[in-house]
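Inspection log for the structure reproduced underneath, given as structure tokens.
Please read all numbers here as calculations on a predicted model, not as lab measurements.
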Amino acid sequence: MIVSKPVLFSAVQPSGNLTIGNYIGTMRHWSILQNNYDCFYCIADLHSLTVQKKNIDLKKSILDTLSFYLACGVDPKKSIIFIQSHVYQHTQLNWVLNCFSQFSELLRMTQFKAKRNIKNNYIKKTSVGLFNYPILMASDILLYQTNFVPVGRDQKQHIELTRDIANYFNSIYGNIFELPEPLINQYGSKIMSLLEPNKKMSKSDNNQNNVIFLLDDMNSIILKIKNAVTDSQIPAKIYYNKEQKPGISNLLEILSTVTNKEISVLSKELDGMLYSEFKNIVSDCLCKFLFKLQQSYYCYRNDESYLNKIILEGATQAQLKSQKVLSEVYYKLGLVPFF
Ligand code: TRP
């Protein structure tokens, strides 16, 4: 008997440069997860249209993002890697689910409330796409009968909404959709800004010193960590406490990821150290880590014919899988089948 593995779905938007927040919160886990789950790793290019950005070369960003997936150890032989816009089933299910989603529930989404208020160089107006964004996300997830979605804490509400939509649909048409669950780990699911450690690190931050990008050169990494906000506790002490010591806790989380050591172990090792010494260790380890990742990244990025091959294979497989669910949904809705 073949026992199938649970299905796991994850995606990242290809908007601009990826940050260590994306890596630590999401992509770091992908290579390990693909051994225990049937994984779908998607590049959510349609999601990145929800806010209009100036000077962004989307095609380049998509290939950059794909190269990072591979550099992070995602293996196209084990997992299905694809670009969202290549699998038209996503937008088709999106429409159907629009009709099964509650306006008032979407209005409650924290991310929407936060993003609609950002008026900067990029975002001038609030688009309907930004409002609908979680429904497209629900479509991504539900099309593959996903059991688990590894997400940062900020996306948890969207997974709950996905479950609500699936439940509602199932209550009318029978058990069509699996109900997905979020996979969130204890540390590192939300890396904060370096200068404002109460705010999530975001690639669209106006202040680049808040953010470490995966492609940052070593000198800027050293400088950014050096300038990162800590606290003024006397005597200075290095330990993990997100409320009282957000800056230090954030740096500890970063260090823990790049060294693969538990925070509790690190706190003992760092006990009695000055903040400046601690920062030197963080930037040293982070630089070593990112240097290796960047080398692997450029290897893939410079081979576009290999990238195109993966894109084509991934889309073909994803279309095949998702069409099954979409056809069933259309059938249940009473739409006339198209042969
Ligand atoms: N909204 C996610 C983000 O910006 C990306 C995303 C799109 C996603 N579709 C998804 C994540 C489905 C998990 C599941 O990070």
Side-chain angles (χ1 to χ4, degrees), residues 7-18 22 26-27 30 38-70 72 74 76 79-99 101 111-112 115 122-123 127-146 149-151 155 158 161-162 165 180 203-204 300-301 303-327 329-330 338:
V7 176
L8 182 139
F9 187 98
S10 197
V12 166
Q13 288 186 49
S15 37
N17 285 334
L18 292 172
N22 297 114
T26 313
M27 296 162 75
W30 288 2
D38 273 338
C39 296
F40 291 83
Y41 294 122
C42 167
I43 296 175
D45 55 347
L46 297 175
H47 272 106
S48 62
L49 305 179
T50 54
V51 288
Q52 308 285 312
K53 295 192 176 154
K54 281 188 199 145
N55 309 326
I56 176 162
D57 181 343
L58 196 53
K59 186 170 170 222
K60 178 180 170 301
S61 295
I62 291 169
L63 296 181
D64 292 351
T65 308
L66 174 61
S67 307
F68 267 119
Y69 282 20
L70 299 168
C72 291
V74 175
S79 302
I80 298 179
I81 309 171
F82 68 99
I83 299 175
Q84 191 183 31
S85 64
H86 288 181
V87 184
Y88 60 84
Q89 285 82 353
H90 289 241
T91 40
Q92 300 207 329
L93 184 63
N94 183 206
W95 176 256
V96 173
L97 296 186
N98 274 342
C99 303
S101 304
Q111 191 182 65
F112 173 69
K115 283 201 177 173
Y122 299 134
I123 307 164
S127 71
V128 176
L130 187 66
F131 184 66
N132 265 356
Y133 174 120
I135 309 182
L136 181 57
M137 210 170 136
S139 312
D140 297 342
I141 296 167
L142 297 177
L143 267 178
Y144 300 93
Q145 303 295 23
T146 301
V149 188
V151 283
Q155 293 291 332
H158 292 160
L161 179 80
T162 302
I165 297 172
K203 53 194 159 202
S204 49
Y300 291 114
R301 188 63 184 90
D303 190 354
E304 282 204 13
S305 64
Y306 178 64
L307 296 181
N308 287 334
K309 183 172 157 270
I310 290 178
I311 290 171
L312 181 68
E313 281 171 7
T316 312
Q317 289 172 292
Q319 282 184 10
L320 212 68
K321 296 260 182 192
S322 57
Q323 185 56 43
K324 277 196 198 140
V325 176
L326 184 68
S327 297
V329 168
Y330 277 8
F338 175 76

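- Legend: residues meeting ring-ring contact (aromatic ring centres under 6.0 Å, His included) with Y69, ordered by chain and number and at least two apart, are W30.
- Here L130 contributes atom CG and H47 contributes atom NE2; the two are 10.0 Å apart, rounded to the nearest 0.5 Å.
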Could you go step by step and tell me if D140 and T162 meet the side chain to side chain contact (heavy atoms under 4.5 Å, CB included) rule?
CA-CA 10 Å; D140 297 342; T162 302; over 6 Å; no

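- Atom-to-atom distance recorded for Y300:OH and L66:CG is 10.0 Å, nearest 0.5 angstrom.
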Could you walk me through whether I81 and L70 pass the side chain to side chain contact (heavy atoms under 4.5 Å, CB included) test, one step at a time?
CA-CA 9 Å; I81 309 171; L70 299 168; 3.9 Å; yes

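- Here the closest heavy-atom approach between residue T26 and residue P150 is recorded as CG2-O, 4.3 Å.
- Here N94 pairs with N98, I135, L136, S139 under the side-chain contact (heavy atoms from CB on, under 4.5 Å) rule; sequence neighbours left out.
- What you find for Q145 and V7 is that their closest heavy atoms are O-CB, 3.7 Å.
- With sequence neighbours excluded, the residues that form a side-chain contact (heavy atoms from CB on, under 4.5 Å) with H158 are M109, Q111, Y133, P134, M137, Q155.
- Nearest heavy-atom pair across A44 and P14 is O-CD, 3.3 Å.
- D303 pairs by the side-chain contact (heavy atoms from CB on, under 4.5 Å) definition with S305, Y306, not counting sequence neighbours.
- In this structure, OG in S85 is found 5.0 Å from CG in L46, a value given to the nearest 0.5 Å.
- Evaluation of the side-chain contact (heavy atoms from CB on, under 4.5 Å) rule for Q89 yields V87, L143, Q319, S322, Q323, L326 as partners, not counting sequence neighbours.
- Ring-plane geometry between F40 and F82 is classed as perpendicular, the angle between the planes exceeding 60 degrees on a 0 to 90 degree scale with a lower cut at 30.
- Within the 4.5 Å cutoff, the side chain of D45 has no heavy atoms near those of the T65 side chain.
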With side chain to side chain contact (heavy atoms under 4.5 Å, CB included) as the test, would you mind laying out the steps for V12 and Y41 before giving the verdict?
CA-CA 8 Å; V12 166; Y41 294 122; over 6 Å; no

Under the criterion side chain to side chain contact (heavy atoms under 4.5 Å, CB included), I'd like the reasoning laid out for N17 against K203: C-alpha separation, chi angles, the key distance, then a yes or no.
CA-CA 7 Å; N17 285 334; K203 53 194 159 202; 5.7 Å; no

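- Side chain of S48 to main chain of Q13: no donor-acceptor pair is present (N/O by atom type, distance under 3.5 Å, no hydrogens or angles).
- Rounded to the nearest 0.5 Å, atoms CG (L8) and CG (D38) are 9.5 Å apart.
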For residues 309-316, tabulate all N or O donor-acceptor pairs below 3.5 Å that involve a side-chain atom, not counting sequence neighbours.
residue, atom, partner, partner atom, Å
T316, OG1, L312, O, 2.6

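- S127 contributes a side-chain N or O that, together with a main-chain N or O of T50, makes up a donor-acceptor pair within less than 3.5 Å.
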